[in-house]
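Structure, as structure tokens:
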Number of protein chains: 2
Amino acid sequence: MSNVKALPLLEPADGQGVAPCCPPLTERPMTAQEAETAARMFKALGDPVRLRLFSAVASHEGGEACVCDISDVGVSQPTVSHHLKKLKEAGLLTSERRGTWVYYRVEPSVLAAMGKLLTLPTAA
Amino acid sequence: MSNVKALPLLEPADGQGVAPCCPPLTERPMTAQEAETAARMFKALGDPVRLRLFSAVASHEGGEACVCDISDVGVSQPTVSHHLKKLKEAGLLTSERRGTWVYYRVEPSVLAAMGKLLTLPTAA
DNA sequence: CCCGTACTTCGATAGTTGTCTATGTTGACG
DNA sequence: CGTCAACATAGACAACTATCGAAGTACGGG
């Protein structure tokens, strides 16, 4: 049934080059290289359609969804495919074919890394 | 001389239309409208130069910086100005003129809102 | 073996964006 | 009032991107 809770929460993610990436934005000025890396991730979420697709996958039962589950965002199916590819290239999603369908799932470590980037100083 | 600790941490931010905006991406599929709003903020951070500028302001002493403090990012001065304007339009920065200089500071509530968006399920 | 479904890739196109130079504005200081 | 410094705006242009329809690929079923 629902193997929902079995998500790997903070894998090293050495597959492509996602990596932990960066310290919080507020800690010190980012270097050009850090900015390049981080901007790529933010940019991927900087489109409304992609955000909806990403959110649809992230919130879907089991942490994954096939394209057919989420293509109802008001654009054509090739466009959906295009955006999913972008999200994949940014390291935010992974995909896997199972029979006729292709399933997308979120990369939790990257999501966590982005969250840390936006961390406010602890106001100590 | 350092009024550093007086940052307003979570103001309602009813000034322009920044607002709390959205539930975590993983909670439920975003609506088109939510996505539109949130994407605008992510998009603003989706450029390396803007990220560096934002990080420079955010990490600067006192939580604010004049343009002259942060213009060393490898692009011309008008371009810096252009990017700061974008960040301001996205609600991520505010600006204030004091004498000859214009000071930019981060909007903590918006940063916090974006951080919440990227929150992972509590794995309970 | 053929067909239908699910998805991706291909080209084309309109719109957006990052960058620059040139010019404008605003304030401080003689 | 004139000038300089800090910053913003305007206009132009190359590069990128979101979108579509059409064609391609992969898989399962009859």
Report task. With A:S95 as reference, evaluate A:R105, A:K88, A:K85, A:E64 under the side chain to side chain donor-acceptor pair (under 3.5 Å) test and give the passing residue. Result -> A:K88
Report task. For A:V80, report the nucleic acid contact type (base, sugar-phosphate, nothing); a contact means any heavy atom under 4.0 Å. Result -> nothing
**Report entry** Shortest non-hydrogen contact between B:L51 and A:A35, atoms and distance
**Finding:** CD1-O, 3.6 Å
Query raised in the report: What pair of heavy atoms forms the shortest contact from A:Y103 to A:C66, and how long is it?
Result: CD2-N, 3.6 Å
Query raised in the report: Whole-Å distance between D:dT17 C1' and B:D47 CG?
Result: 14 Å
Requested in this report: Would you give the length of the straight line joining atom NE2 of B:H83 to atom CG of B:L87, rounded to the nearest 0.5 angstrom?
Outcome: 8.5 Å
Report task. Mark yes or no for whether A:T94, through its side chain, and A:E107, through its backbone, hold a donor-acceptor pair below 3.5 Å. Result -> no
**Report entry** Gap between atoms CD and C1', on B:E96 and D:dC7 respectively (whole Å)
**Finding:** 15 Å
Report task. Mind listing the closest non-hydrogen atom pair of B:L25 and A:S59 along with its distance? Result -> O-CB, 4.1 Å
Report summary line: A:R40 atom CZ is separated from D:dT17 atom C1', nearest whole Å, by 16 Å
Query raised in the report: Does B:Y104 make a side-chain N or O approach to OP1 or OP2 of D:dA6 shorter than 4.0 Å?
Result: no
Query raised in the report: Quick one: salt bridge (charged side-chain N to carboxylate O under 4.0 Å, His left out) pairs with a partner in residues 44-56 of chain A, sequence neighbours left out?
Result: none
Report summary line: note: A:R50, atom CZ; D:dT17, atom P; distance rounded to Å ~ 9 Å
Report summary line: Separation of D:dT17 atom C1' from A:K43 atom NZ, nearest Å, is 9 Å
Requested in this report: Scan nucleotides 25-30 of chain D nucleotide by nucleotide, 5' to 3', and note B when protein non-hydrogen atoms come under 4.0 Å of the base, S if they reach only the sugar-phosphate, - if neither.
Outcome: -SSS--
Query raised in the report: Between which nucleotides of DNA chain C, 5' to 3', does chain A make heavy-atom contacts below 4.0 Å?
Result: C:dA6 to C:dT9
Report summary line: For B:I70 and B:A65 the tightest heavy-atom approach is CG2-CB, 3.9 Å
Query - Phosphate contact (D:dA18 OP1 or OP2) by A:K86 side-chain N/O below 4.0 Å - result: yes
Query raised in the report: Touch check for B:H83, heavy atoms < 4.0 angstrom, all strands: base, sugar-phosphate only, or nothing?
Result: sugar-phosphate
Query raised in the report: Quick one: A:L84 CG to D:dT17 P, roughly how many Å, whole number?
Result: 17 Å
